[in-house]
Structures are given as structure tokens and as C-alpha cells.
Amino acid sequence: MKRIALMLSILVTCLSLYATPTLQLGGTVFYEKVVSDEDWVEELSDLDNFGFGIEARLNLFDWVSLAVPATIGFGEDSFTLGTMPSLNVNLPVADFLDLAFGVGTRQNFMCQNEDWLVNGMPIEGFGDVFLNANLFYRAAVTFNIGFIGVGLSAAVPTEGSFRHFDAMPSWEETRISASVLVNFF
């Protein structure tokens, strides 16, 4: 009986190493400078160049996911939440390695003196703000090992929006981030 229990626990552990999680939650770190600057590598040691926040990913199928990384900021009389939701196509390269390519928009929410703004506009006009927000391309690689996922991603903005589509990427404005996620389900 002990052998069967040991074999089952080893089997479950091994299979969990290769399972694509449905929900992932964790912390993220954004490098706030663009990576096209000549001295961006030297500036990695300055913590003022980083934004910290959270990330949530919902893997709808093995090949489609919704990622929502967000930075959080607090001021004397304000609160900011900078989100970059994206819809991604996932390409599982190996059982534990996932590549994702997607598109999304940047939404900056701010509460200042009890007034909510999104991208500098009153939140009541969120629909128009969302349709006019600049699109970005996102590429990410995630290593899912057991209940932990470690990911690196790059976001490349465009000049286009949902209303005025212009798909040309602005490579010189590329931003990078890293995430450590806890895998659920």
C-alpha cells in the first residue's frame, strides 16, 4: 500500500509540473525606462526606474490567455493603477514553457481628491477612452514549474488605437517586465 501511495504522489507531482494553469496571480516588476536608451543596462541598478505591481492571467484554453499586469502607485492625495490588459495567443513550446503573443491597450486609472480618471479623462467616458487608447504588442515567455510560474515580457506600443488602427510598432519605446506567479487550478 505504501508503494502505491508513493507512486501516486510521484505521478501527481510529475504531472503537475507539466499542467497549464487556468489562473495565475502574482507580483510583477516593470522597468519604466525604454530599452532603446544606450545606458538602460547601467540604470538597472536604480530602483527608481522600476514600477511594482500585480499580474493576473486567465488561460482560457491551452492557446488563448488574458493577461492583466498592473502597477500601483500612491501619492499624498492620489492613487494610481496603470494596467496593460492584453489578449494573447499561447504557443506551448514544451510542457513547462509557454510563449505568448498578443495585443492590448494601456489604461491608467487615477483617484485624486475622490475623482476617478482614466487616461486623464473622467471615468464616465471610459468607452471612448478605451477605444482611443494606444494599442501595444506583447510578447511573453513563461516557465510553469509546479505551482510557480516565472515570466518575462516585452510590450511594444503602436500609434494606433481601436478607432484609428495603425499597426506599426514603435520599437524604440519597448518596455520590459518580469513576473512571479502562483499557478491555480
Side-chain angles (χ1 to χ4, degrees), residues 18-36 40 49-73 80-109 118-121 123 126-185:
Y18 299 113
T20 300
T22 303
L23 177 65
Q24 297 176 288
L25 298 171
T28 189
V29 176
F30 284 90
Y31 183 63
E32 297 291 342
K33 301 273 188 170
V34 294
V35 295
S36 63
W40 78 273
N49 294 329
F50 291 90
F52 299 91
I54 56 174
E55 182 167 351
R57 292 184 193 172
L58 179 62
N59 296 308
L60 304 171
F61 307 103
D62 283 341
W63 49 274
V64 176
S65 67
L66 175 65
V68 185
T71 56
I72 301 169
T80 59
L81 180 69
T83 65
M84 295 179 68
S86 65
L87 186 61
N88 306 299
V89 174
N90 295 359
L91 304 170
V93 176
D95 289 333
F96 61 91
L97 178 64
D98 186 40
L99 298 178
F101 302 96
V103 65
T105 64
R106 185 174 188 120
Q107 307 296 322
N108 292 315
F109 296 91
V118 59
N119 290 357
M121 304 295 292
I123 200 157
F126 179 74
D128 287 333
V129 172
F130 181 79
L131 291 175
N132 290 319
N134 285 1
L135 295 173
F136 66 88
Y137 297 115
R138 183 170 193 253
V141 59
T142 305
F143 298 92
N144 293 308
I145 301 175
F147 66 93
I148 298 291
V150 177
L152 299 172
S153 67
V156 181
T158 70
E159 294 298 321
S161 66
F162 287 113
R163 284 216 173 124
H164 308 288
F165 192 73
D166 180 4
M168 295 304 298
S170 300
W171 295 107
E172 64 277 355
E173 296 179 42
T174 301
R175 303 209 188 279
I176 57 173
S177 64
S179 303
V180 175
L181 305 164
V182 177
N183 300 332
F184 296 96
F185 311 115

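The side chain to side chain donor-acceptor pair (under 3.5 Å) check on T105 picks up Q107, with sequence neighbours excluded. Qualifying side chain to side chain donor-acceptor pair (under 3.5 Å) partners for T71, counting only residues two or more places apart in sequence or in other chains: none. R175 meets the salt bridge (Lys or Arg N to Asp or Glu O under 4.0 Å) test with no other residue; sequence neighbours excluded. Every residue two or more places apart in sequence or in another chain that forms a ring-ring contact (aromatic ring centres under 6.0 Å, His included) with F50 is listed here: Y31. Qualifying side chain to side chain contact (heavy atoms under 4.5 Å, CB included) partners for L60, counting only residues two or more places apart in sequence or in other chains: L58, V64. N108 pairs by the side chain to side chain contact (heavy atoms under 4.5 Å, CB included) definition with R106, N119, not counting sequence neighbours.
To the nearest 0.5 Å, atom CG of residue L131 and atom CZ of residue F126 are 9.0 Å apart. Once rounded to the nearest 0.5 Å, the distance linking CD1 of I54 with CG of L181 reads 11.0 Å. Within the model, atoms CZ of R57 and CZ of F184 stand 14.0 Å from one another, a figure rounded to the nearest 0.5 Å. Distance check, rounded to the nearest 0.5 Å: CE of M121 to CG of N132 gives 9.0 Å.
When every heavy atom of A70 is checked against every heavy atom of T83, the shortest pair comes out as CB-CG2, 3.8 Å. In terms of heavy-atom proximity, N90 sits nearest to N59 at ND2-OD1, 3.5 Å. Nearest heavy atom pair, residue N88 against residue V103, reads OD1-N, 4.5 Å.
By the 4.5 Å heavy-atom criterion applied to side chains, L81 and I72 are counted as neighbours. Side-chain atoms of F130 and V118, non-hydrogen and from C-beta on, never get closer than 4.5 Å to each other.
Residue pairs satisfying the salt bridge (charged side-chain N to carboxylate O under 4.0 Å, His left out) criterion with at least one member in residues 129-141, sequence neighbours excluded, are listed as follows: E55-R138. Residue pairs meeting the salt bridge (charged side-chain N to carboxylate O under 4.0 Å, His left out) criterion with at least one member in residues 126-137, sequence neighbours excluded, are D128-R163.
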Quiz item: Do V141 and L99 pass the side chain to side chain contact (heavy atoms under 4.5 Å, CB included) test, and can you show the C-alpha distance, the side-chain angles, and the key distance before you say yes or no?
Solution: CA-CA 5 Å; V141 59; L99 298 178; 3.6 Å; yes

Listing, residues 145-159 side-chain donor-acceptor contacts under 3.5 Å, not counting sequence neighbours, or none:
{"unit_1": "S153", "atom_1": "OG", "unit_2": "S177", "atom_2": "OG", "d": "2.7"}
{"unit_1": "T158", "atom_1": "OG1", "unit_2": "L135", "atom_2": "O", "d": "3.0"}
{"unit_1": "T158", "atom_1": "OG1", "unit_2": "G160", "atom_2": "N", "d": "3.2"}

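For the residue pair Q24 and N183, a side-chain donor N or O sits within less than 3.5 Å of a side-chain acceptor on the partner.
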